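A quick write-up on the structure given underneath.
Being a predicted model, the structure only gives us computed values, none of them experimental. Each chain gets a letter, A, B and so on, in the order the sequences are listed, and its residues count up from 1.
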Amino acid sequence: MTETETGSVPSKIERIWQVCQLIPEGRVVSYGQLADLAGLPGRARLAGTALKSTPKELTLPWHRVITASGKLAFAPGSEQFELQQLRLRQEGVLVNNGRVKMREFAWQPDLAELLWQLPY
DNA sequence: AACGTGACGGAAT
DNA sequence: AATTCCGCCACGT
């Protein structure tokens, strides 16, 4: 726990958590988009790091985040892969061979609306 | 403080 | 369409 995490200014990872929280049901975003929306262009990997380190008291719709090519990031058949696929399907997202058509399901947020919702 | 790792991405092959 | 390569940089050891 660092200073910035306890203070009022959210750390980079906390901003990623915040934006993740805004992804609507039935839509997906790529790690890169998530980073962009959090004000961290080019930091797709950090988005992955952030989700990986989500504290368990915090429940995020992490299953709505997939790779830019539309694939689930987990190994096919793994525990997490199956869970993510199940959750996505439960909210109407079509997943075929571990892949989602970004053309159809990508979240396209209105930036003005997004800024309005962020708590800072 | 140095070093390897990785829930990524995009360009090249 | 599938792989390989390499830039990116926060984290844990």
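For a distance-only test at 3.5 Å, the side chain of A:Arg43 fails to qualify as a donor-acceptor partner of the base of C:dG7.
Across the interface with DNA chain C, nearest-nucleotide mapping of A:Lys71 and A:Thr49 shows A:Lys71 to be the residue nearer the 5′ end.
Rounded to a whole Å, the CZ atom of A:Arg45 is 8 Å from the C1' atom of B:dT5. Between A:Leu72 atom CG and B:dG9 atom C1' the separation is 17 Å, expressed in whole Å. Straight-line distance from the CZ atom of A:Arg87 to the P atom of B:dA7: 18 Å, rounded to whole Å. Nucleotide B:dA7 holds its C1' atom 12 Å from the CD1 atom of A:Ile13, rounded to whole Å. The nearest whole Å value for the distance from the CG atom in A:Asp36 to the P atom in B:dG10 is 9 Å. Between A:Trp62 atom CH2 and B:dC8 atom P the separation is 13 Å, expressed in whole Å. To the nearest angstrom, C1' of C:dC9 lies 12 Å from NZ of A:Lys52. Nucleotide B:dG6 holds its P atom 14 Å from the OH atom of A:Tyr31, rounded to whole Å.
Atom-to-atom distance recorded for A:Ile66:CD1 and A:Leu34:CG is 12.0 Å, nearest 0.5 angstrom. How far CG of A:Asp36 is from CZ of A:Arg43: 11.5 Å, rounded to the nearest 0.5 Å. If you take CZ on A:Phe81 and CG on A:Leu72, they are separated by 4.5 Å, rounding to the nearest 0.5 Å.
Counting any heavy atom pair closer than 4.0 Å across all strands shown, A:Thr67 reaches sugar-phosphate atoms only and no base atom. Among the protein residues, A:Ser30 comes within range of the sugar-phosphate backbone only, with heavy atoms under 4.0 Å from sugar or phosphate atoms but none that close to a base. Across all strands, A:Gly42 comes closer than 4.0 Å to no nucleic acid atom at all (heavy-atom distances).
Side-chain contact between A:His63 and A:Gln90: absent, with no pair of heavy atoms (C-beta onward) separated by less than 4.5 Å. Annotation: side chain of A:Phe74 is not in contact with side chain of A:Leu83 (no heavy-atom distance under 4.5 Å).
Nearest to the side-chain atoms of A:Leu46 among the listed nucleotides C:dA10, C:dA2, B:dG9 stands C:dA10.
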